[in-house]
Amino acid sequence: MPTDIPTAVPTDTLTELFEEHRPMLLGVAYRMLGRTADAEDVVQEAWLRWTAADRAAVREPRAFLVRITTRLAIDRLRQAQARRESYVGPWLPEPLVTDFGPAAPDTAERALLADSVSLAVLVVLESLSPLERAVFVLREAFGFPYGEIAAALDRSEAAVRQLAGRARRHVDEGRPRYDVDPAERRDLTERFLSAAAGGDLGELLALLAPDVRLVGDSGGKSKAPLRVIESADKVGRFLVAVARDSWEGYEVRFLELNGAPAVLVLADGEPETAFQIEVCDGLVQCVHIIRNPDKLQGLALPADD
């Protein structure tokens with residue numbers, strides 16, 4: 001039977017084929033798991049299975065790699081969901097530095113990629129079953145045909161279509177309505193940071209929506225609210241109280257996380273806090289604050305030239 005890869009393939013060719021698809025595999029695994037370390041582990045395991053695979057059974061490298069990566073991610077997600085039941089405080093995805101670059105030259109395509117990896121969407125995806133999440137990621141973020149997804153998950157195409165419809169409805173119902181204009185978010189982020197750092201409650205309240213929410217993720221390993229804070233007055237007063245601590249010795253950098261402007265706070269050069277605001281109608285609708293040190297390790301930045 002003819003195959004796309006000969007039975008005997010040089011190691012360098014296997015490596016080239018895998019590296020060609022690595023960015024997509026990492027993208028699938030991260031959207032499935034919400035953690036870069038877990039995504040990298042899954043892709044590494046996919047590499048091991050790729051090198052050990054029976055070449056005669058591999059008709060299409062891309063389909064084979066996506067199938068292996070997706071199934072590994074589903075297994076790991078099931079384990080992670082059990083661990084998250086004992087997680088201390090609210091859970092947020094591990095922030096991901098994004099630079100889609102030439103991978104998404106079209107503005108609409110870039111917006112789609114950014115939305116599929118946004119903190120708000122990843123939080124909603126947490127409420128899906130592992131199979132629903134896999135179908136949603138493969139279909140909505142990467143545009144895989146239903147037939148390919150069915151083969152990857154060993155399900156019928158009809159079953160996959162049902163899973164896709166159910167997942168899409170759930171995400172649409174749970175996804176908050178936010179503005180995605182990066183210039184507006186950057187401007188409001190700067191004003192928000194200035195007001196918060198200065199302890200200016202009046203200026204903060206002018207920027208916050210009445211029903212604003214603040215979600216802090218520390219995993220119990222640093223100071224952060226153990227419950228979601230709701231309402232402009234409570235969020236504003238919390239931020240002003242935090243601002244009473246001295247900012248001396250802290251460095252603030254702007255960067256893009258999960259497809260949108262964000263702020264990274266460093267202490268002695270090490271990431272201490274990452275935060276990002278969600279904006280709608282010119283007001284801050286949600287504040288995401290990540291202080292779990294385990295989730296900030298990947299945000300260490302080189303010193304400015």
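By convention here, the first residue in the shown sequence is residue 1.
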Could you tell me whether the side chain of [Y] reaches within less than 4.5 Å of the side chain of [X], counting heavy atoms only?
X	Y	value
R185	Q276	yes
N258	Y30	yes
L128	L125	yes
L239	L214	yes
P130	Q81	yes
V240	R237	no
F192	V287	yes

Partners passing side chain to side chain donor-acceptor pair (under 3.5 Å) against Q44 (at least two apart in sequence or in another chain)
none
In Å and rounded to the nearest 0.5 Å, what is the [atom1] to [atom2] distance from [X] to [Y]?
X	Y	atom1	atom2	answer
L25	F142	CG	CZ	9.0 Å
L283	D211	CG	CG	9.5 Å
E272	Y250	CD	OH	4.0 Å
E157	Y146	CD	OH	9.0 Å
I277	L188	CD1	CG	4.0 Å
L96	L257	CG	CG	8.0 Å

For H21 and F64: C-alpha separation, side-chain torsions, deciding distance, then whether side chain to side chain contact (heavy atoms under 4.5 Å, CB included) applies.
CA-CA 11 Å; H21 299 296; F64 175 86; over 6 Å; no
Do [X] and [Y] sit in one hydrophobic cluster, given that two such residues count as connected whenever their side-chain heavy atoms are within less than 4.5 Å of each other, even indirectly?
X	Y	result
I68	L17	yes
F254	V279	yes
V263	L119	no
L207	V252	yes
V88	I289	no

For [X] against [Y], the heavy-atom pair lying closest together:
X	Y	answer
A134	I74	CB-CD1, 3.9 Å
A232	L208	O-CD1, 3.7 Å
V117	G259	CG1-N, 4.2 Å
P271	L264	CB-CD1, 3.9 Å
L296	A274	CD2-CB, 3.9 Å
V123	P93	CG2-CD, 3.9 Å

Salt-bridge criterion met for [X] and [Y] (N-O under 4.0 Å):
X	Y	result
D172	R168	no
E173	R169	no
R67	E148	no
D75	R71	no

Anything under 30° is parallel, anything over 60° is perpendicular, the rest tilted; go ahead and classify W50 against F18.
tilted
Spell out, as yes or no, whether a donor-acceptor pair under 3.5 Å connects the side chain of [X] to the backbone of [Y].
X	Y	value
T69	V66	no
R175	A120	no
R139	F144	yes
E278	C286	no
S194	E190	no
E45	L72	no
D217	L92	yes
R133	R31	yes
Q285	C280	yes

For the pair L131 and R155, evaluate side chain to side chain contact (heavy atoms under 4.5 Å, CB included) and give the outcome as yes or no after the intermediate values.
CA-CA 10 Å; L131 275 178; R155 296 291 192 279; 3.1 Å; yes
Donor-acceptor pairs under 3.5 angstrom involving side-chain atoms of residues 222-231: please list them, not counting sequence neighbours.
unit_1 : atom_1 : unit_2 : atom_2 : d
S222   : OG     : R291   : O      : 2.7
S231   : OG     : K234   : N      : 3.3

Apply the test side chain to side chain contact (heavy atoms under 4.5 Å, CB included) to residues D41 and R76: give CA-CA distance (whole Å), side-chain angles for both, the deciding distance (0.1 Å), then the verdict.
CA-CA 10 Å; D41 286 347; R76 186 168 287 242; 3.5 Å; yes
